[in-house]
Amino acid sequence: FGGSHLYDLLVYADRIFKPHKCRAIVLFVANDISGSDQDKSPQEVARLFKYLLKNIRKSHPETPVFWIEVTPTSSRWSVWPEIQESTKLIRELCEASKNTYSIKTDFAFLNESGKPRDELFVDDKLHLNEKGYEIWNDLIKKELNKVLGE
């Protein structure tokens with residue numbers, strides 16, 4: 001659900017995940033480090049992800065879980081180093097956890113200078129435009145197909 005934080009998913013995890021039989025669970029949360037006073041540290045974000053995964057595993061022990069890494073944006077470029085650190089920590093948790101995957105996205109949204117490709121975003125430089133979503137969709141679909149065998 002849009003605008004969420006990892007803590008929101010933790011609070012509602014039983015309602016969101018437990019009652020459903022899932023072929024896969026795909027997670028994307030990009031609001032825990034946004035440049036606000038309420039930001040979590042990269043370590044706190046990773047810890048929240050770890051707790052969320054533990055909660056999901058109670059009802060879905062074998063279901064593949066995919067974490068979509070945060071996309072680099074001009075609107076949050078000032079906190080990109082912190083986002084990258086949380087991404088690294090979550091990727092390590094995914095690699096150490098059975099049937100848990102991290103979907104890398106940053107490379108597709110950075111230009112040759114290493115800055116966000118603003119042409120892939122709407123005017124707020126935060127949300128993807130149609131072309132940006134096409135790229136994002138292709139990246140996600142490719143990774144899901146690798147694991148789910150589509």
- Message: Quick check for you: to the nearest 0.5 Å, what is the distance between K146 atom NZ and L144 atom CG?
- Response: 11.0 Å
- Pairwise distance SG(C94) to CG(L27) - rounded to 0.5 angstrom: 9.0 Å
- Query: Given side chains that start at C-beta, do those of L6 and N31 come closer than 4.5 Å, heavy atoms only?
  - Reply: no
- Closest non-hydrogen atoms of I16 and P19, given as atom of the first, atom of the second and distance, are C-CD, 4.4 Å
- Message: Less than 4.0 angstrom from a charged side-chain N to a carboxylate O is my criterion; do E62 and K98 meet it?
- Response: yes
- Message: Among residues at least two apart in sequence or on other chains, which ones pass side-chain contact (heavy atoms from CB on, under 4.5 Å) with K54?
- Response: none
- Query: Is there a donor-acceptor pair under 3.5 Å between the side chain of T63 and the backbone N or O of R23?
  - Reply: no
- Message: Test: ring pair (Phe, Tyr, Trp, His ring centres under 6.0 Å). Region: residues 43-76. Which pairs qualify, not counting sequence neighbours?
- Response: F49-W67, F66-Y101
- Message: Quick check: do T73 and K125 have side-chain heavy atoms less than 4.5 Å from each other?
- Response: no
- Query: Just wondering, are more than 12 heavy atoms of other shown residues or ligands nearer than 6.0 Å to CD in E119?
  - Reply: yes
- What pair of heavy atoms forms the shortest contact from A108 to I135, and how long is it? CB-CG2, 3.7 Å
- Query: Under 3.5 Å, is there a donor-acceptor pair linking the side chains of S102 and E69?
  - Reply: yes
- Report the C-alpha distance between I33 and V70 in whole Å, list the side-chain angles of each, state the deciding distance to 0.1 Å, and finish with yes or no for side-chain contact (heavy atoms from CB on, under 4.5 Å). CA-CA 10 Å; I33 301 175; V70 176; over 6 Å; no
- Message: Parallel, tilted or perpendicular, judged at 30° and 60°: which one describes the rings of W136 and Y133?
- Response: perpendicular
- Query: Heavy-atom count around K142 NZ within 6.0 Å, excluding the residue itself: above 12?
  - Reply: no
- Contact summary for P42 and E85, nearest pair of heavy atoms: CB-CG, 3.5 Å
- Query: Would you say the side chain of L93 lies within less than 4.5 Å of the side chain of T100, judging by non-hydrogen atoms?
  - Reply: no
- Message: Between V79 and P81, is there a side-chain heavy-atom distance shorter than 4.5 Å?
- Response: no
- Under 3.5 Å, is there a donor-acceptor pair linking the side chains of S36 and D39? yes
- Is it the case that more than 12 heavy atoms not belonging to K104 sit under 6.0 Å from its NZ atom? yes
- Task: Tell me whether L89 is reachable from W80 by hopping between hydrophobic residues (I, L, V, M, F, W, Y) whose side-chain heavy atoms are closer than 4.5 Å.
- Result: no
- Under a 4.0 Å N-O cut-off, is there an ion pair linking R91 with E95? no
- Is a side-chain N or O of N145 found less than 3.5 angstrom from the main chain of L148, in a donor-acceptor match? no
- Message: Could you check whether any side-chain heavy atom of D32 comes within less than 4.5 Å of a side-chain heavy atom of S86, counting everything from C-beta outward?
- Response: no
- Query: Would L48 and K40 count as a side-chain contact (heavy atoms from CB on, under 4.5 Å) if you check the C-alpha gap in whole Å, the side-chain angles of each, and the deciding distance to 0.1 Å?
  - Reply: CA-CA 10 Å; L48 287 169; K40 303 283 188 222; 4.0 Å; yes
- Message: Closer than 3.5 angstrom, by distance alone: can the side chain of E44 be matched with the main-chain N or O of S41 as a donor-acceptor pair?
- Response: yes
- Please lay out, stage by stage, how E134 and E130 fare under the test side-chain contact (heavy atoms from CB on, under 4.5 Å). CA-CA 6 Å; E134 286 175 19; E130 187 174 342; 3.9 Å; yes
- Task: Apply the test side-chain contact (heavy atoms from CB on, under 4.5 Å) to residues I103 and F28: give CA-CA distance (whole Å), side-chain angles for both, the deciding distance (0.1 Å), then the verdict.
- Result: CA-CA 10 Å; I103 300 175; F28 177 72; over 6 Å; no
- Looking at D124 and L126, what are the two nearest heavy atoms and their distance? OD1-N, 2.9 Å
- Main-chain N/O of L10 paired to N55 side chain as donor or acceptor, under 3.5 Å: no
- Do the non-hydrogen side-chain atoms of D106 and P72 ever get within less than 4.5 Å of each other? yes
- Flag side-chain contact, heavy atom, 4.5 Å: N99 against V65: no
- Distance (rounded to the nearest 0.5 Å) between L128 CG and F121 CZ: 5.0 Å
- Task: Go through the structure and list residues passing salt bridge (charged side-chain N to carboxylate O under 4.0 Å, His left out) with R76, not counting sequence neighbours.
- Result: none
- Measure the shortest side-chain to side-chain distance between I68 and V26 over non-hydrogen atoms and say whether it is less than 4.5 angstrom. yes
- ILVMFWY cluster, W77 and V122 together (side-chain gap under 4.5 Å): no
- Considering residues, nucleotides and ligands other than D123, do more than 12 of their heavy atoms fall under 6.0 Å from its CG? no
